[in-house]
Amino acid sequence: MNRVRFAPSPTGFLHIGGARTYVFNWLYARSTGGQVLLRIDDTDAGRNTEESLRSILDGLRWLDLPWDEQHFQSKRRSSHVQAARALLASGAAYRDFTPEGEGQTERAAGEPWLFNPGMRELGTAESDRRADSGEPFVARFRVPRDRPGGATFKDLVYRKQFRRFSDIEDFALLRSNGDPTYHLASTVDDGELGITHVIRGQDHLTNTFKHILLLEALGFDRPAFGHLPLLLGPDGSKLSKRRHGALVSVTNYRDMGFLPRGFVNYLSLLGWSPKNNQELLEVPQLVEAFRIQQVLRTNAVVQFGDKPGSAQCDPKAVWLTGQHLRRMPIGQLMPYCEHVLRDAGWWLDELAGRRRPWFIEAVDSLRSRLNLLSELTTRCRAYFRDDYGFEAKARNNLEKSGVREMLHVLADRLDASKEFTEKSVEQEIRSLAAERGVKAGLLINGSRAALTGQTVGPSAFRVFTIIGKARCVKRLSAV
RNA sequence: GGCGCUAUCGUCUAAGGGUUAGGACAGGGCCCUCUCAAGGCUCAGAUCGGGGUUCGAAUCCCCGUAGCGCUACCA
C-alpha cells in the first residue's frame with residue numbers, strides 16, 4: 001500500500017505552498033488507495049514554536065482532507081542518532097572536527113565547497129581519541145566522490161535526474177551539539193515509516209541525491225520521488241513566510257471566508273490540470289482525475305496584494321469559492337454560515353431551531369451573489385441585523401420625490417393585508433405605483449433601499465419575504 | 001562562482017511534429033432584468049531571442065537570455 005507523508009517544520013505558519021504540497025500528497029494517496037502521514041519535522045528545537053504548530057494543524061484541519069497517521073520527528077531522535085552511529089562505525093560517515101564557520105575558504109574563492117580538508121582521511125584511532133577527549137565534531141556523510149558516474153533517480157514529475165558523485169558535498173548528519181540534521185532525520189523517518197512516495201517541493205530536487213545515498217547506506221528501500229514546481233509570489237520569488245507574511249497563511253484564507261473545497265480546488269490547479277478544460281471540481285472529482293505524472297514543471301505565481309480584503313487575493317481563488325458556494329448542497333453550506341455568524345457574534349440559538357427554515361431560505365436566496373462566506377456579515381448585514389446603515393446611493397433612491405410617503409403607505413397596506421408573499425407584495429407595489437402614476441421601479445428600488453440600505457441584492461420582492469412582514473413594515477415606516 | 005530546473009495571453013493552464021494556438025480568472029461590450037449578482041453570447045490578449053533538424057516546430061536539438069532552486073552544523 002502506498003504511504004505518503006507531508007512533513008512541515010513548525011518554524012512558521014502553514015502557507016499556501018505547504019498546503020498545495022499537502023493537497024497533492026493527499027490526492028495522490030487517495031487516488032491510489034494509499035495512506036497519508038502527517039509528520040511534524042521539529043528537529044530544529046530553537047526555531048520551533050507552539051504557535052506555528054497550531055497554525056499548521058488548524059490550517060490542515062480546515063482543508064478537510066484528513067490524514068491517517070501523525071508523527072513527531074523529535075520523538076524519533078534515538079533512531080536518528082543510532083543511524084548516525086552505524087554510519088560512523090561502518091565508515092560511511094566520518095567526524096569533521098573543523099570548527100564551525102571555518103573551512104569555507106574555497107567557497108569564498110568562488111569554488112564549490114565539497115568537504116573540509118584533512119577530515120575525510122582521519123584515522124579511526126585519532127578520530128575516536130579526539131571525540132573521546134570531548135572535541136566537538138559534526139558527522140558528515142562520506143560521499144563516494146572517487147567513484148565514477150553519479151546518482152540517478154527517476155522523478156515522477158521531473159523525469160530522469162542525474163548528478164555526478166563528485167558534485168555532491170559531504171553533507172552533515174549530526175550537528176556538533178549532537179542533534180540530527182534534516183537530511184538524516186528525514187531520510188531515516190521515511191525509511192522507518194515505510195514511506196513509498198516522497199512528494200515535496202522542487203526546492204528538494206537536488207537534495208534528493210543525498211537522500212538516495214543515505215537511504216542506500218542505511219539499507220532502506222528507495223521510495224519514489226515526485227517534486228512539485230514551486231509557488232511564487234507576484235514578485236516572482238518563492239513563497240515564504242518571511243517575505244510574504246501572514247498574507248499567504250492558510251488560516252488567513254480561512255478567516256477571509258474561503259470555502260475549504262474552493263480553496264483546495266484552487267490549489268489543485270496550481271501546477272496541474274485535468275487536461276479537459278474543466279476547472280470547477282469537487283474533491284472526489286479531483287481524486288478521480290489526479291495524475292502525478294501530469295504535474296507541470298514550471299513554477300506558478302499566486303496572485304495577492306498587500307492590502308487586506310478579498311480583492312487582494314487571487315481572483316480565481318475567490319471565483320472558485322463563489323462557484324462552490326452557489327452549487328453545493330445547501331445543507332453542506334449551512335454549517336459554514338453558522339460559523340461565520342457565530343464568529344461575528346450574531347448567532348441566535350433559534351436559527352438552529354424555530355427559525356432554521358428561515359435561515360436556510362435566506363442563505364439560499366443570498367448565495368448566488370456571494371463569493372466569500374464573510375460577505376454574509378458585511379454585504380448581507382440587513383438580513384440578519386436591524387442596525388444596518390444606508391449607502392449614499394440607497395439614500396438617493398429614498399430622496400426621490402414622493403418615495404418616502406409612498407413607502408409609508410405601502411407599509412400600512414402590507415400591514416393590513418393577510419397575505420405576505422412575493423406575489424402579494426408585488427401586487428401591492430404595482431397597484432400603488434399605478435395609482436400614483438409612477439414607474440414601479442421607483443417603488444421597487446426604493447423598497448430595497450429602505451429595507452436593506454443598499455441598491456443591490458436579490459429581487460426586491462424576495463427581499464421582502466426574507467426580511468419578513470413585521471420587520472418590513474417597521475423599516476418602511478421608519479424611513 | 002558552481003550544479004540543476006524551467007520558459008505559451010496580465011495570471012492559472014490546453015495543445016507534446018500539421019489546430020484560425022483552445023479554456024478559465026481578471027478586463028471591454030451585448031443579452032437577460034426592479035438593482036446587483038448568476039447565467040448566455042461576444043471582443044481584446046500569448047508560444048523569451050537566435051540558429052538548426054523537418055515538406056512542416058509552441059512542440060525535437062543547440063546557443064543565448066531571463067527566472068527560480070540548491071550550493072549551511074535551516075528545513
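Every chain is numbered from 1, with letters handed out A, B, ... down the list of sequences.
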Should Glu169(A) and Arg140(A) count as an ion pair when the cut-off is N to O under 4.0 Å?
no
May I ask you to verify if any side-chain N or O of Arg175(A) is less than 4.0 angstrom from the OP1 or OP2 atom of C74(B)?
yes
Looking at Ser368(A) and A37(B), is any side-chain donor or acceptor paired with a base atom of the opposite kind under 3.5 Å?
yes
Check whether more than 12 heavy atoms from other residues, nucleotides or ligands sit under 6.0 Å from atom CD of Gln82(A), and answer yes or no.
no
Need one value for Glu169(A): base, sugar-phosphate or nothing, where a base atom within 4.0 Å counts as base even if backbone is also close, heavy atoms only.
sugar-phosphate
Expected list for residues 420-435 of chain A near RNA chain B, using heavy atoms below 4.0 Å, is none
Selection: residues 201-214 of chain A, any non-hydrogen atom under 4.0 Å of RNA chain B
Gln202(A), Asp203(A), His204(A), Thr206(A), Asn207(A)
Answer with yes or no whether Arg369(A) presents, from its side chain, a donor or acceptor under 3.5 Å of a partner atom in the base of C36(B).
yes
At less than 3.5 Å, do the side-chain atoms of Arg448(A) and the base atoms of C34(B) form a donor-acceptor pair?
yes
Remember a base hit wins even if backbone is also touched, and classify Arg327(A) as base, sugar-phosphate or nothing at under 4.0 Å, heavy atoms.
sugar-phosphate
Each nucleotide N or O in nucleotides 25-33 of chain B that has a protein N or O under 3.5 Å away: list the pair and distance.
{"from": "C25(B)", "atom 1": "O2'", "to": "Lys316(A)", "atom 2": "N", "distance (Å)": "3.2"}

What does Phe461(A) touch in the nucleic acid at a heavy-atom separation under 4.0 angstrom: a base, only the sugar-phosphate, or nothing?
base
